[in-house]
Amino acid sequence: MSSTDQSFSLAIIGSGIGGLALAIGLLKQNVRCTVYEAAPVFDAVGAGIGLGPNSLKAMALMDEEFAKMYDDIKVGNTAPERYNEQIEILGAEEGFRHGGSVRHPDFTRSSAHRRALLEVMKSLIPEGTVKFNKRVVSLVQKDSKVSIEFTDGEKVIFDAVIGCDGIKGMTRREVLESRYPEEVPAKYCNEYVYRGITTMENAKAIIGTYAEDARWFMMPNKGWAMYPISGGKEVNIVVFVNDDKPWVGEQAARPVEKEEMLRELEGFDKRLIGLLEYVKPMRWPLFHHPDTPTYVKERICLLGDVAHASSPNQAAGAGQGLEDALVLSRVLGLVKNASELDAAFEVYDLIRRPRAQKVVQESKDVGDIYFLTHPDFGTDLEKITEDANRRLPLIWWYDLEADVKIAEEEFRKKVARLPTVGKGSAEKTSKKKTSIFQCVVS
């Protein structure tokens, strides 16, 4: 489809991985984008990110160049015998009790620094497309249009809006508040994390070759994940703590005294304790959206974390956003006029919501397993490893091409049932030269 014959406009709100991926996918469908960003510059929240085979497949199906460029920045395991290993499970107490290897013969470990991934995604969006310092303050739906107002006073009107504005994004409120108000706020996962990054050299000086490959150290109610990033020059550290109390107040990180963090993490092997020198005494609460009943309200649609934010226990959250972007960009690529947008959003919700919500719910259960508190697994690390080797391939090798095919077929069926546009209207529409997909990332 030609970008000059689009008779409708589409806005994307949110500059995370999902929003930029959708922009990339739309551009590959020959759909031009104008991007508005709330911040003065692009900013990556978080450090390391792990992407499974499903994520890489979604990238390739959207834009092969996207997948190739990610391939240049990704980091795998160092040891040849761990090439096909996602993570090694070990006990976190003194001595590192062996649990097992989460692996698959067709799997290749893949992780990167979020900033590096963002640079790749930015490079695939034409220069001049992005306009910064554009924060959305209101969304109003009326007469099959969505009006967006920014803090600088500018107002724009689109035929539809896709919210990619993160776990606390305002588009979630717009979609759910009138029908499902209890589902607007994210729910506490009853766990928080401490985070840190250090050089591979520093990490190896303390923990030796354990720093070279991805590992998850487990003990009751606490856990420690670490893996290489930045081309293997750095190590990302995430320390998990089970929390049986509600999180009170703002859903944001809170500083604590370093001594309090050290007391809380007593019981770890002394080598892990040594690495706490590079971990910030800051508690990051983990929230999720396990029960989102719909991703759509009229002409506003949700994608990524604002729809289905997940705990990181399966390293699958970002991948679900990429899958969203693949399916939605393909369906929107078939849209010929604004009257078909409703059908596109309905099909997207039909295809994506069941899978994404299942991943979110399962990730919470996995957290209980990895904290060694699940009644079916207890402290049996070998049994936990066996479960991961059964469960994760169902995420990794999900048939995305089949989902795209079904989505396209369902969209065509829905469009075929729509009233036909009169010849005069069609001729008038065909003369429009300025209509494009306008992607707003805020």
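The first residue in the sequence is number 1, and the count goes up from there. All heavy atoms count here, side chains included; hydrogens, waters and symmetry mates do not. All values reported here derive from a predicted model rather than from experimental measurement.
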**Student:** Compare every heavy atom of Met282 with every heavy atom of Ala253, then report the nearest pair and how far apart it is.
**Tutor:** CB-CG, 3.7 Å

**Student:** Could you report the tightest heavy-atom contact between Arg215 and Thr209, atom names first, then the distance?
**Tutor:**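 Closest pair (atom of Arg215, atom of Thr209, distance): NH1-O, 3.5 Å.
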
**Student:** Checking Asp152 now: which residues fulfil salt bridge (charged side-chain N to carboxylate O under 4.0 Å, His left out) with it, not counting sequence neighbours?
**Tutor:**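 Applying salt bridge (charged side-chain N to carboxylate O under 4.0 Å, His left out) to Asp152 gives Lys134.
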
**Student:** Hey, are the side chains of Phe158 and Ile148 touching, using non-hydrogen atoms and a 4.5 Å cut-off?
**Tutor:** yes

**Student:** For the residue pair Glu88 and Ser101, confirm or rule out a side-chain donor-acceptor distance under 3.5 Å.
**Tutor:**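 Absent: no donor and acceptor within the cut-off.
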
**Student:** Given side chains that start at C-beta, do those of Val238 and Met226 come closer than 4.5 Å, heavy atoms only?
**Tutor:** no

**Student:** Does either side chain, that of Ser15 or that of Glu37, offer a donor lying less than 3.5 Å from an acceptor on the other one?
**Tutor:**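 A donor-acceptor contact under 3.5 Å links the two side chains.
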
**Student:** For Val102, is there any backbone N or O sitting under 3.5 Å from a side-chain donor or acceptor partner on Glu85?
**Tutor:**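 No: the side chain of Glu85 does not pair with the backbone of Val102.
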
**Student:** Given side chains that start at C-beta, do those of Glu183 and Arg172 come closer than 4.5 Å, heavy atoms only?
**Tutor:**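 They are in side-chain contact.
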
**Student:** Within the supplied structure, the quantity of interest is the number of heavy atoms (other residues, nucleotides, ligands) at a distance under 6.0 Å from Lys187 NZ; does it exceed 12?
**Tutor:**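 Count over threshold, so yes.
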
**Student:** Mind checking ring-ring contact (aromatic ring centres under 6.0 Å, His included) for Tyr398 and listing every partner two or more places apart, or none if nothing turns up?
**Tutor:**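 Tyr398 satisfies ring-ring contact (aromatic ring centres under 6.0 Å, His included) with no other residue.
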
**Student:** Can you tell me if Ser310 uses its side chain to pair, donor with acceptor, with the backbone of Gly317 under 3.5 Å?
**Tutor:** no

**Student:** Does Lys122, at its NZ atom, have more than 12 non-hydrogen atoms belonging to other residues, nucleotides or ligands within less than 6.0 Å?
**Tutor:**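 Enclosed: over 12 neighbouring heavy atoms sit under 6.0 Å from NZ of Lys122.
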
**Student:** Within a strict 4.5 Å, meaning less than it, do heavy atoms of the Asn190 and Asp244 side chains meet?
**Tutor:** no

**Student:** Less than 6.0 angstrom separating the ring centers of Phe42 and Phe132, yes or no?
**Tutor:** yes

**Student:** Is the backbone N or O of Thr151 less than 3.5 Å from a side-chain atom of Arg135, with the two atoms forming a donor-acceptor pair by type?
**Tutor:**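 Between the backbone of Thr151 and the side chain of Arg135 there is no qualifying donor-acceptor contact (under 3.5 Å).
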
**Student:** With no hydrogens and no angle check, is any side-chain donor or acceptor of Asp269 less than 3.5 Å from a backbone partner on Ala92?
**Tutor:**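 No, because the side chain of Asp269 does not come within donor-acceptor range (under 3.5 Å) of the backbone of Ala92.
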
**Student:** Around atom CD of Glu154, are there more than 12 heavy atoms of other residues, nucleotides or ligands at under 6.0 Å?
**Tutor:** yes

**Student:** Please lay out, stage by stage, how Trp396 and Phe107 fare under the test ring pair (Phe, Tyr, Trp, His ring centres under 6.0 Å).
**Tutor:** CA-CA 9 Å; Trp396 294 339; Phe107 177 88; 4.3 Å; yes

**Student:** Under 6.0 Å from the CD atom of Glu127, do we count more than 12 heavy atoms belonging to anything else shown?
**Tutor:** no

**Student:** Can you give me the closest heavy-atom contact between Leu381 and Leu90, atom names plus distance?
**Tutor:** CD1-C, 3.7 Å

**Student:** What residues, two or more places apart in sequence or in another chain, satisfy ring-ring contact (aromatic ring centres under 6.0 Å, His included) together with Tyr70?
**Tutor:** none

**Student:** Per the ring pair (Phe, Tyr, Trp, His ring centres under 6.0 Å) rule, what does the pair list look like for residues 249-276, sequence neighbours excluded?
**Tutor:** Trp224-Phe268

**Student:** Using modelled atom types only, decide if a donor and an acceptor are shared between the side chain of Arg352 and the backbone of Gln320 within a distance under 3.5 Å.
**Tutor:**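 The answer is yes, because a donor-acceptor pair under 3.5 Å joins these two groups.
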
**Student:** Would you say the side-chain atoms of Ser230 pair up with the backbone N or O of Lys233, donor to acceptor, closer than 3.5 Å?
**Tutor:**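 Judged by distance alone, no pair lies under 3.5 Å.
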
**Student:** Search all heavy atoms of Thr198 against all heavy atoms of Ala203 and return the closest pair with its distance.
**Tutor:** CG2-CB, 4.0 Å

**Student:** Compute the centroid of each ring, for Trp216 and then for Phe240, and state whether the two points are separated by less than 6.0 Å.
**Tutor:** yes

**Student:** Looking only at heavy atoms, which two atoms of Glu212 and Pro228 are closest? And how far apart?
**Tutor:**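 In this case the closest contact between Glu212 and Pro228 is O-CG, 3.1 Å.
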
**Student:** A side-chain contact here means heavy atoms from C-beta on lying under 4.5 Å apart; do Glu234 and His113 qualify?
**Tutor:**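 Yes - at least one pair of side-chain heavy atoms lies under 4.5 Å apart.
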
**Student:** Donor-acceptor check, side chain of Asp159 to backbone of Leu341, threshold 3.5 angstrom: yes or no?
**Tutor:**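 Not at all, since once roles are kept as given, no pair shorter than 3.5 Å links the two residues.
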
**Student:** Can you list everything that forms a side chain to side chain contact (heavy atoms under 4.5 Å, CB included) with Ala79? Sequence neighbours excluded, please.
**Tutor:**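 Listed in chain order: Glu81, Arg82, Asp213.
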
**Student:** Quick one: do Gln86 and Arg109 satisfy side-chain contact (heavy atoms from CB on, under 4.5 Å)? Show the steps, please.
**Tutor:** CA-CA 5 Å; Gln86 194 250 10; Arg109 171 77 193 179; 4.3 Å; yes

**Student:** Using side-chain contact (heavy atoms from CB on, under 4.5 Å), reason through Phe345 and Leu332 one step at a time and then give a plain yes or no.
**Tutor:** CA-CA 8 Å; Phe345 285 174; Leu332 289 173; 4.2 Å; yes

**Student:** How close do Arg103 and Asn84 get, counting heavy atoms only, and between which atoms?
**Tutor:**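 Heavy atoms of Arg103 and Asn84 come nearest at CB-O, 3.1 Å.
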
**Student:** Counting neighbours of OH on Tyr180 that are heavy atoms of other residues, nucleotides or ligands and sit closer than 6.0 Å, is the number greater than 12?
**Tutor:** yes

**Student:** For His104, what residues pass the ring-ring contact (aromatic ring centres under 6.0 Å, His included) criterion, not counting sequence neighbours?
**Tutor:**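 Counting only residues at least two positions away or on another chain, His104 forms a ring-ring contact (aromatic ring centres under 6.0 Å, His included) with Trp397.
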
**Student:** Does Arg391 have any side chain to side chain contact (heavy atoms under 4.5 Å, CB included) partners at least two apart in sequence or in another chain, and if so, which?
**Tutor:** Gln314, Glu362, Val366, Tyr370, Asp387, Ala388

**Student:** So, does His288 use its side chain to make a donor-acceptor pair with the main chain of Pro290 at under 3.5 Å?
**Tutor:** no

**Student:** With side-chain hydrogen bond (donor to acceptor under 3.5 Å, both in side chains) as the rule and sequence neighbours excluded, what pairs involving residues 296-307 come up?
**Tutor:** Ser178-Lys297, Arg299-Asp342

**Student:** Can you list the residues that meet the side chain to side chain donor-acceptor pair (under 3.5 Å) rule with Arg353, with sequence neighbours excluded?
**Tutor:** Asp349

**Student:** What salt bridge (Lys or Arg N to Asp or Glu O under 4.0 Å) pairs are there with at least one residue in residues 273-284, not counting sequence neighbours?
**Tutor:**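 Found Glu260-Arg283, Glu264-Arg283.
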
**Student:** Report the residues that fulfil ring-ring contact (aromatic ring centres under 6.0 Å, His included) with Tyr348, sequence neighbours left out, ordered by chain and then residue number.
**Tutor:** none

**Student:** Hey, mind stepping through Leu118 and Arg115 against side-chain contact (heavy atoms from CB on, under 4.5 Å) and telling me if it holds?
**Tutor:** CA-CA 5 Å; Leu118 182 62; Arg115 190 173 297 110; 5.6 Å; no

**Student:** Is the closest side-chain heavy-atom distance between Leu350 and Glu346 below 4.5 Å?
**Tutor:**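 With C-beta onward as the side chain, the pair stays apart.
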
**Student:** Using a distance-only test with no angle check, is there a side-chain donor-acceptor pair under 3.5 angstrom linking Arg179 and Thr294?
**Tutor:** no

**Student:** May I ask you to check whether over 12 heavy atoms, not counting those of Gln251, lie within 6.0 Å of atom CD?
**Tutor:**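 Yes, the 6.0 Å shell around CD holds more than 12 heavy atoms from other groups.
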
**Student:** Can you see whether Asn313 engages Ser363 through a side-chain donor-acceptor pair at a distance of less than 3.5 angstrom?
**Tutor:**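 Looking only at side-chain atoms, Ser363 and Asn313 do not form any donor-acceptor pair under 3.5 Å.
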
**Student:** Go through it in stages, so that I can follow the logic: the residues are Val241 and Val193, the test is side-chain contact (heavy atoms from CB on, under 4.5 Å), and I'd like the CA-CA distance, side-chain angles, deciding distance and then a yes or no.
**Tutor:** CA-CA 6 Å; Val241 178; Val193 300; over 6 Å; no

**Student:** Inspect the surroundings of CD in Glu382 and state if more than 12 heavy atoms from other residues, nucleotides or ligands are less than 6.0 Å away.
**Tutor:**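 At most 12 heavy atoms, drawn from other residues, nucleotides or ligands, come within 6.0 Å of this atom.
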
**Student:** Determine whether the aromatic ring centres of residues Trp247 and Tyr188 are separated by less than 6.0 angstrom.
**Tutor:**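 Yes; Trp247 has its ring centre under 6.0 Å from that of Tyr188.
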
**Student:** Does any part of the side chain of Arg114, heavy atoms only, come nearer than 4.5 Å to the side chain of Leu117, both counted from C-beta?
**Tutor:** no

**Student:** Side chains of residues 47-68: which donor-acceptor pairs under 3.5 Å do they make with residues two or more places apart or in other chains?
**Tutor:**
residue, atom, partner, partner atom, Å
Asn54, ND2, Glu323, OE2, 2.8
Asp63, OD1, Glu65, N, 2.9

**Student:** Can you find a pair of side-chain heavy atoms, one from Phe377 and one from Leu372, that are under 4.5 Å apart?
**Tutor:**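 In short, these two side chains do not touch, never coming nearer than 4.5 Å.
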
